[in-house]
Chemist: 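This is the structure I want to talk about, given as structure tokens.
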Amino acid sequence: MSNEPILTVVGNLTADPDLKFTPGGAAVANFTVASTPRSFDKASGQWVDGEPLFMRCSLWREAAENAAESLKKGQRVIVTGKLISRSYEKDGAKKTVVELAVDEIGPSVRYAVVVTDKKGAAKPKPVDSDPWTAGGDDVAPF
């Protein structure tokens, strides 16, 4: 669809992603990212926290399973997706919620070292640094 608002949020996970499955078997992970803006107050000479944003997010299918397995509460993440709004009625009152339908999520390396592993990838064989043994036992070095 065109004209969908795309949003990127950098912040911390407030809890581990909550992985559930639809009756049809599709995986969905729900989680919240907290992002607090900071600004420098020249008068006090200190950094001051602004109002935090708590963005509800949903991620589907294999990516949902990967996120639930990989990401944990408190981890700094970068999330991008489509901002969606939906309305419903509860106790006779109309409610509207805004959430992020996540396209991509990943850990931030700004304050941490992250080790990734491609799912289902074959592990590379170790490289022997001695060129004389690279051919095996049945090959003479000269």
Chemist: Mind checking the CD1-OG spacing from Ile78 to Ser108? Nearest 0.5 Å is all I need.
Modeler: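 Answer for the CD1-OG pair, Ile78 versus Ser108, is 4.5 Å.
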Chemist: Say you draw a straight line from CD of Glu51 to OG of Ser35; how long is it, rounded to the nearest 0.5 Å?
Modeler: 12.5 Å
Chemist: Quick test of your reading of the model: are Asp49 and Arg38 salt-bridged, counting only N-O distances below 4.0 Å?
Modeler: yes
Chemist: Taking only residues two or more places apart in sequence or in another chain, which ones pass salt bridge (charged side-chain N to carboxylate O under 4.0 Å, His left out) with Glu99?
Modeler: Arg86
Chemist: Between Asp91 (side chain only) and Ala93 (backbone N and O only), is there a donor and an acceptor less than 3.5 Å apart?
Modeler: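 Flag not set: sc Asp91 to bb Ala93 has no pair under 3.5 Å.
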Chemist: Step by step, work out the side-chain contact (heavy atoms from CB on, under 4.5 Å) result for Gln46 and Asp41.
Modeler: CA-CA 6 Å; Gln46 295 182 348; Asp41 182 4; 5.7 Å; no
Chemist: Which residues pass the side-chain contact (heavy atoms from CB on, under 4.5 Å) test with Tyr88, not counting sequence neighbours?
Modeler: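 Counting only residues at least two positions away or on another chain, Tyr88 forms a side-chain contact (heavy atoms from CB on, under 4.5 Å) with Lys90, Lys95, Val97.
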Chemist: Closest heavy-atom contact between Ala68 and Pro17?
Modeler: CA-CB, 4.0 Å
Chemist: Looking only at heavy atoms, which two atoms of Gly74 and Asn12 are closest? And how far apart?
Modeler: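 Closest approach of Gly74 to Asn12, heavy atoms only: O-ND2, 3.0 Å.
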Chemist: Show the nearest heavy-atom pair for residues Thr36 and Gly50, with the distance to one decimal.
Modeler: CG2-O, 3.6 Å
Chemist: When Ile, Leu, Val, Met, Phe, Trp and Tyr are grouped by side-chain heavy atoms lying under 4.5 Å apart, directly or through other members, which residues fall in the same group as Leu83?
Modeler: Leu7, Val9, Leu13, Phe31, Val33, Leu53, Met55, Leu59, Leu71, Val77, Val79, Val98, Leu100, Val102, Ile105
Chemist: Can you tell me if Arg56 has over 12 outside heavy atoms packed within less than 6.0 Å of its CZ?
Modeler: yes
Chemist: Return the minimal non-hydrogen interatomic distance between Ala29 and Ala64, and the atom names on each side.
Modeler: N-CB, 3.5 Å
Chemist: If you look at every heavy atom in Ala27 and Phe21, which pair is closest and at what distance?
Modeler: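 Closest pair (atom of Ala27, atom of Phe21, distance): CB-CE2, 3.5 Å.
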Chemist: Who passes salt bridge (charged side-chain N to carboxylate O under 4.0 Å, His left out) against Lys20, sequence neighbours left out?
Modeler: Asp18
Chemist: side-chain contact (heavy atoms from CB on, under 4.5 Å) with Ser39: which residues, sequence neighbours excluded?
Modeler: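 Listed in chain order: nothing, the list is empty.
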Chemist: Please give me the minimum heavy-atom distance between Pro107 and Gln75, naming the atom from each residue.
Modeler: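 In terms of heavy atoms, the two residues are closest at CB-NE2, 4.0 Å.
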Chemist: Apply salt bridge (charged side-chain N to carboxylate O under 4.0 Å, His left out) to Lys82 and list each qualifying residue two or more places apart in sequence or on a separate chain.
Modeler: Asp103
